[in-house]
2 protein chains.
Amino acid sequence: MNPQDNRAGHLHQIPLPSLPPNGHGACPVRDVLDRLGDKWSTLILVTLAHGPQRFNALARSVPDISRRMLTETLRQLERDGLVWREVAPSTPPAVAYGLTALGTSLMPPLAALIDWAERHQPAIAAARDRFDTGRVAPEEESRPA
Amino acid sequence: MNPQDNRAGHLHQIPLPSLPPNGHGACPVRDVLDRLGDKWSTLILVTLAHGPQRFNALARSVPDISRRMLTETLRQLERDGLVWREVAPSTPPAVAYGLTALGTSLMPPLAALIDWAERHQPAIAAARDRFDTGRVAPEEESRPA
DNA sequence: ACCCATGGTTACATTGAGGGAACCATCGTG
DNA sequence: CACGATGGTTCCCTCAATGTAACCATGGGT
């Protein structure tokens, strides 16, 4: 069975995702998925899954993130109740962040998705190569005369 | 246990997601998550999970998507090997799309995530309300005197 | 006196995703 | 003859996401 000639039809055995009755309008799922889709949320959540961290420590754990995006993303996650924020009234104030129970409950499905991505990344890379180099099979790409 | 006062520390019992040794540079997971994060990919995948569809049928199943984005998103998904494309040489040519085995293998983890989103959407909405209106607890949930 | 670290905020520039409309070729229908 | 449906492609424009850099207040080190 060639991976590229691999049509699957409808298999109704596996968990078939279906969007809420809503269908498309103001879909709450869309809402959540959008956040995970942004550039830093997932990375921050995964980092915090290893334990709470303070702002600058987080900035160092997630390299290439700017202070601005770190603040903003953390605010969104806090607003959504996935992350807590705690300010210690010292000087200078020490601010810690961590996962809430809600945030923690997201880890299993998220980890499953990440796991899928890692596991199938070679297949995806191969598919891209096939698609990019020339859509036909690797060896004799010319059709018979 | 107050939902907002709900720090979870590190619980090492659940599947702890961790990014590849790479860490951040050219993370393959990032790569996959980015695609799922775009506006239409997930919606199209979920739609195709119910069975193959032709281009215009798909356009009708996923309302508010423009032909342009539909074409583009399908191309990406095809390139990544998640979706196949078949052209019937009729006039006018009939083009069908469907999930490949790879695409189908994504459904369980994706469904799990969607399920999480649906299940916890009320909690998220509540958290947002709390955060937006005034951060402190509504009433009796505030700390005792 | 100066620099660094704390945890941000603000202003400004860029970039890329996405929307909208027009165009293309063929065929069947009214 | 004109129109709609087939499955796209191409150009243009806009807006939200993101990056960059500077600034703020405090206190400790050297």
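If you're wondering where the values come from, they're calculated on a predicted model, not measured in any experiment. Numbered from 1 within each chain, the chains take letters A, B, ... in sequence-line order.
Residues passing the side chain to side chain donor-acceptor pair (under 3.5 Å) test with A:N56: none are found, sequence neighbours excluded. Among residues two or more places apart in sequence or in another chain, the side chain to side chain donor-acceptor pair (under 3.5 Å) test is passed with B:R60 by none. Partners of A:Q76 according to the side-chain contact (heavy atoms from CB on, under 4.5 Å) rule, which considers only residues two or more places apart in sequence or in another chain, are A:R35, A:R79. Among residues two or more places apart in sequence or in another chain, the side-chain contact (heavy atoms from CB on, under 4.5 Å) test is passed with B:A117 by A:V29, A:V32, A:L33. By the side chain to side chain donor-acceptor pair (under 3.5 Å) test, B:W116 pairs with A:S105, B:H120, sequence neighbours left out. Residues forming a side chain to side chain donor-acceptor pair (under 3.5 Å) with B:R119 (at least two apart in sequence, or on another chain): B:D115. Listed by chain and residue number, nothing satisfies the salt bridge (Lys or Arg N to Asp or Glu O under 4.0 Å) test with A:D34 (two or more places apart in sequence, or in another chain).
Applying the ring pair (Phe, Tyr, Trp, His ring centres under 6.0 Å) test to every pair with at least one member in residues 85-104 of chain A, sequence neighbours left out, gives no pairs at all. For residues 36-55 of chain A, there are no salt bridge (charged side-chain N to carboxylate O under 4.0 Å, His left out) pairs, not counting sequence neighbours.
Geometrically, B:R30 engages A:W40 in a cation-pi contact, judged by NZ or CZ lying under 6.0 Å from the ring centre and within 45° of the ring axis.
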Q: List the protein contact pattern of nucleotides 6-23 of chain D with one symbol per nucleotide (5' to 3'): B for base contact, S for sugar-phosphate-only contact, - for none; contact means a heavy-atom distance under 4.0 Å.
A: BBBBBB------BBB---
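From one end of the helix from C:dA1-D:dT30 to C:dG30-D:dC1 to the other, with five pairs defining each end axis, the axis direction shifts by 20° (rounded to 10°).
Contacts between chain B and DNA chain C, taken as any atom within less than 4.0 angstrom of a protein heavy atom, begin and end at C:dG18 to C:dC27.
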